[in-house]
Amino acid sequence: MNFLDIISSLLLFAGTFFAFSGAVGLFRFPDFFTRVHAASLTDSIAAILMIAGLLLQTSFDLNTAKLIFILVFLLITSPTASHALAKSARHGGLLLFTEKPTKQGGTNQDD
Amino acid sequence: MNLILDYYNYWIVVFLMMTGFYIVISANNLVKKVVGLNIFQTSVFMMYISMGKVAGGTAPIVVDDNTLYSNPLPHVLILTAIVVGVATTAVGLSLIIRIKRAYGTVEENEFEHEDDAI
Amino acid sequence: MIEWIDLILLGMLALTALRVIFLKDLFAVVMLFGIYSFLSALVFIVLDAVDVAFTEAAVGAGISTVLMLGTLALTGRTEKENTHSKLLPILVVSVTGAALIYGTLDMPPFGNPDNPIHQHVAPRYIEDSPKEVGLPNMVTSVLASYRGFDTLGETVVVFSAAIGVLALLGIRREEDNNTPESGFKEHRVLQIVAKITIPLVILFALYVQFHGDFGPGGGFQAGVIAAAAFILYGLVFGLAKSMAVISPMFLRYMAASGVLLYAGVGLFSMMQGGNFLDYNLLASDPVAGQHYGILIIELGVGITVFAVMLTIFYAFASQTERSNIQ
């Protein structure tokens, strides 16, 4: 097991940890917005760490280029998806769990 | 353990098939029935692909000689079936939209006693 | 180790399907169905069916979810309480399921290379197709060459599905400009990101189309991916702008021309003195002829699938806009 393999497995392990904590957060957090935050953890930091770990396993050929493309694409699209979700939830009148419903409407319901 | 590993895929296929079948016969809402049909359909796909798998094999794309490949034939059949499946699902969903427009409902027990509105 | 991944993914698949039964919120049912499709794509990868997984991820999680959501926008998102007794369906399902489980015990064991399915035509495809057809991807060889007639039939089925949807729903072009504002109209971030990604997705679709001979991909997947790019455009910028880019009438010509291109290759090979869809006669060298034949018919499949998927989306989306006005 050489040096690159150790670094790669450390990165993969860290990525799995963040993916797992994102999954736990999805269940445990109190309202929609915090859950979106937890879910976006899995496809931002976890994906970056895992793809970085996988990059070290390639022999710098076509697969490396493909993985970098996947990473760039994920970094553009997944924050946008989280942003669109949160914005449309806010637009639809969903409130944070700390806020109280006002006269203008807005509900405090879960999911 | 060997018995489980030998037949686990087929048992899950039967379970998924029966889940889809149950949704089709028990659900009242037509959109949910279509989802049930799709689950049923995917279980059939899963059965074909499971049969094509060879233990220790790899995807049927030539890398070099003396490699064990899985059977490519089920892949071909299912690949086309998936695209045909979404096309037929679209026809089913458009029938549902027409039913909604004609009867004002997509709940099965509400429109089946009505007279023909079309 | 790989068996465990298979076991866990299939278990998750079963749980997802089970959850669909008890949910009354149809929006959640459709979302669960998208998850179900992605999970089954993962199972297909574990079972070595990379081409199938590719198709399932693009079709099941992309197009069918959009179509079902479009239907829900018209029919309402909750299922009403069912008064029927659940006893009879449960009985029927358990008896049928028990019979089928009993039947599976007679199946050959999973993954055994000596199973009957691997004895008949599969060795011929695996051993001879790289020499006879000259393509590394055996799935493409079998799809487009050995079973080309079958694939022509499937393409025609997809084409006739578009005819069915058009006959049932039709596409209404909104001439007046009082269409309701799409929820995404104000969404600057989404619009900019869509503008960046749509060309990349179309480029990827072209790669999948023409690289399908060597890796996973082909006309079916490429058509669906290209259609998904235009569906994204329609969702973010509104249906009217999307119809200005590709008009529904042009799509009808495209769908028909794809099928004609496919059948035309067959007729051309008949005129060369061979059988229908016999690509060996398309060029002086049989293997080069196979290459030309597969390239052209995959292009025909891609054009038809793209046009059909986008036509179906236009039909559903114009229904939704129409009901919003009323």
Side-chain angles (χ1 to χ4, degrees), chain B residues 5-12 14-19 21-23 25-29 31-32 35 38-39 42 46 49-55 57-62 69-73 75-76 78-80 82-84 86-91 93-98 100 106-107, chain C residues 3 7 10 14 17-18 20-21 26 29 33 40 44 47-52 55-56 59 63-64 67 71-72 74-75 79-80 82 86 89 93 97 100-101 104 107 109-111 113 117-118 122 125-126 130 136-139 142-143 147 151 154 157-158 161 164-165 168-169 220 305 312 319:
Chain B
L5 277 186
D6 279 352
Y7 295 106
Y8 181 77
N9 277 43
Y10 301 128
W11 293 339
I12 291 285
V14 171
F15 179 82
L16 292 176
M17 196 180 269
M18 287 305 113
T19 311
F21 185 39
Y22 177 79
I23 295 171
I25 57 178
S26 77
N28 214 7
N29 188 297
V31 180
K32 201 166 175 185
V35 173
N38 271 299
I39 289 176
T42 315
M46 206 71 70
I49 301 295
S50 299
M51 289 198 296
K53 167 80 179 166
V54 175
T58 178
I61 297 171
V62 177
Y69 298 109
S70 286
N71 193 338
L73 185 58
H75 301 184
V76 174
I78 298 312
L79 197 160
T80 52
I82 289 175
V83 179
V84 169
V86 72
T88 48
T89 302
V91 177
L93 289 174
S94 34
L95 276 171
I96 293 174
I97 293 176
R98 289 305 298 254
K100 169 75 177 177
V106 289
E107 305 288 324
Chain C
E3 288 87 7
L7 294 183
L10 282 170
L18 202 60
V20 170
I21 296 181
L26 291 172
V29 166
F33 182 67
S40 50
F44 290 149
L47 298 176
D48 293 343
V50 279
D51 281 274
V52 181
T55 321
E56 176 70 36
V59 166
I63 309 258
S64 12
L67 294 182
T71 314
L72 284 189
L74 293 163
T75 60
E79 185 191 20
K80 289 190 186 139
N82 195 347
K86 301 273 189 223
V93 164
L100 286 175
I101 295 271
T104 57
M107 299 269 290
F110 170 70
I117 183 175
H118 304 307
Y125 290 151
I126 291 172
N137 189 353
M138 297 166 203
V139 175
V142 179
L143 179 92
R147 300 184 66 88
T151 310
E154 309 268 12
V157 172
V158 172
V165 171
L168 284 166
L169 297 180
F220 283 101
V305 170
I312 291 172
Q319 289 293 315

> Who pairs with C/Lys86 by salt bridge (charged side-chain N to carboxylate O under 4.0 Å, His left out), at least two apart in sequence or on another chain?
Replying inline: none
> Between B/Ile23 and chain C, which part of the residue has a heavy atom less than 4.5 Å away: side chain, backbone, both or neither?
Replying inline: side chain
> Does a side-chain heavy-atom distance below 4.5 Å link B/Leu73 with C/Arg147?
Replying inline: yes
>> Which atoms of B/Val106 are under 4.5 Å from chain C, going by heavy atoms: the side chain, the backbone, both sets, or neither?
In response: side chain
>> Counting only non-hydrogen atoms closer than 4.5 Å, does C/Val139 touch chain B with its backbone (N, CA, C, O), its side chain (CB onward), both, or neither?
In response: both
> Do B/Tyr8 side-chain atoms and C/Phe110 backbone N/O form a donor-acceptor pair below 3.5 Å?
Replying inline: no
> OG1 of C/Thr55 to CD1 of B/Ile82: how many Å apart, nearest 0.5 Å?
Replying inline: 5.5 Å
>> Rounded at 0.5 Å granularity, tell me how far CD in C/Glu56 sits from CD1 in B/Ile49.
In response: 10.0 Å
>> So for B/Val84, is it side chain, backbone, both, or neither that comes closer than 4.5 Å to the heavy atoms of chain C?
In response: both
> Out of C/Ile312, C/Val20, C/Leu72, which one racks up the most heavy-atom pairs below 4.5 Å with chain B?
Replying inline: C/Val20
>> I need the residue from C/Thr75, C/Thr151, C/Val142 with the largest number of non-hydrogen atom pairs under 4.5 Å to chain B.
In response: C/Thr75
>> Is C/Pro113 close to chain B through its backbone or its side chain, or both, or neither, when contacts mean heavy atoms under 4.5 Å?
In response: both
> How close do C/Leu169 and B/Arg98 get, heavy atom to heavy atom, and via which atoms?
Replying inline: CD2-CD, 4.2 Å
>> Keeping B/Asn71 on the side-chain end and C/Ile117 on the backbone end, is there a donor-acceptor pair under 3.5 Å?
In response: yes
> For B/Ser70 and C/Ile126, which heavy atoms make the closest approach, and how far apart are they?
Replying inline: O-CD1, 3.9 Å
> If you look at every heavy atom in C/Asp48 and B/Gly57, which pair is closest and at what distance?
Replying inline: OD2-O, 3.2 Å
> Yes or no on side chain to side chain contact (heavy atoms under 4.5 Å, CB included) for C/Leu7 and B/Leu5, after CA distance, side-chain angles and deciding distance?
Replying inline: CA-CA 9 Å; C/Leu7 294 183; B/Leu5 277 186; 4.2 Å; yes
> Looking at B/Ile25, B/Asn29, B/Leu95, which one has more heavy-atom pairs under 4.5 Å with chain C than the rest?
Replying inline: B/Asn29
> If you round to the nearest 0.5 Å, how far is CD1 of B/Ile97 from CG of C/Leu74?
Replying inline: 5.0 Å
>> Run the side chain to side chain contact (heavy atoms under 4.5 Å, CB included) test on C/Met138 and B/His75 for me, step by step, so that the C-alpha distance in whole Å, both residues' side-chain angles and the decisive distance to 0.1 Å come before the verdict.
In response: CA-CA 10 Å; C/Met138 297 166 203; B/His75 301 184; over 6 Å; no
> Which bit of B/Tyr22 is near chain C, if near means a heavy-atom gap under 4.5 Å: side chain, backbone, both or neither?
Replying inline: both
>> Could you check whether C/Glu79 pairs with B/Lys32 (Lys NZ or Arg NE/NH1/NH2 to Asp/Glu carboxylate O, under 4.0 Å)?
In response: yes
> Side chain, backbone, both or neither: which part of C/Glu154 has a non-hydrogen atom closer than 4.5 Å to chain B?
Replying inline: both
>> Under 4.5 Å from any heavy atom of chain C, what part of B/Ile39 do you find: side chain, backbone, both or neither?
In response: both
> Given the options B/Val31, B/Asn38, B/Ile96, which has more heavy-atom pairs under 4.5 Å with chain C than any of the others?
Replying inline: B/Asn38
>> Taking side chain as everything from C-beta outward and backbone as N, CA, C, O, which of these in C/Leu18 sits under 4.5 Å from a heavy atom of chain B? Side chain, backbone, both or neither.
In response: both
>> side chain to side chain contact (heavy atoms under 4.5 Å, CB included), that's the test. Do B/Asn9 and C/Leu47 meet it? Break it down for me.
In response: CA-CA 10 Å; B/Asn9 277 43; C/Leu47 298 176; 3.9 Å; yes
> What residue, out of B/Pro60, B/Ser50, B/Pro72, has the most heavy-atom pairs lying under 4.5 Å from chain C?
Replying inline: B/Pro60
>> So, taking the atom named CZ in C/Phe44 and the one named OG1 in B/Thr42, what distance separates them when rounded to the nearest 0.5 Å?
In response: 7.0 Å
> Side chain, backbone, both or neither: which part of B/Ile12 has an atom under 4.5 Å from a heavy atom of chain C?
Replying inline: side chain
> Looking at B/Met51 and C/Met107, what are the two nearest heavy atoms and their distance?
Replying inline: SD-CE, 3.9 Å
> Relative to chain C, which segment of B/Thr58 carries a heavy atom at a distance below 4.5 Å: side chain, backbone, both, or neither?
Replying inline: backbone
> Taking it one step at a time, do B/Met18 and C/Leu100 satisfy side chain to side chain contact (heavy atoms under 4.5 Å, CB included)?
Replying inline: CA-CA 10 Å; B/Met18 287 305 113; C/Leu100 286 175; 3.5 Å; yes
>> On a heavy-atom basis, which atom in B/Tyr7 and which in C/Thr104 lie closest, and how many Å separate them?
In response: CE2-O, 3.2 Å
>> Looking at chain B, which one of C/Pro136, C/Pro130, C/Pro109 has the largest number of heavy-atom pairs inside 4.5 Å, strictly under?
In response: C/Pro136
> Pick from B/Leu16, B/Ile78, B/Thr89: which one has the most heavy-atom pairs with chain C under 4.5 Å?
Replying inline: B/Leu16
>> With a 4.5 angstrom heavy-atom cut-off, is it the side chain or the backbone of C/Glu3 that approaches chain B, or both, or neither?
In response: side chain
>> Taking side chain to side chain contact (heavy atoms under 4.5 Å, CB included) as the definition, give me every residue that meets it alongside C/Ala161, ordered by chain and number, with sequence neighbours left out.
In response: B/Ala87, B/Val91
> Does any heavy atom of chain B fall under 4.5 Å from the side chain of C/Val52, the backbone, both, or neither of them?
Replying inline: both
> What part of C/Leu26 gets closer than 4.5 Å to chain B, counting heavy atoms only: side chain, backbone, both or neither?
Replying inline: side chain
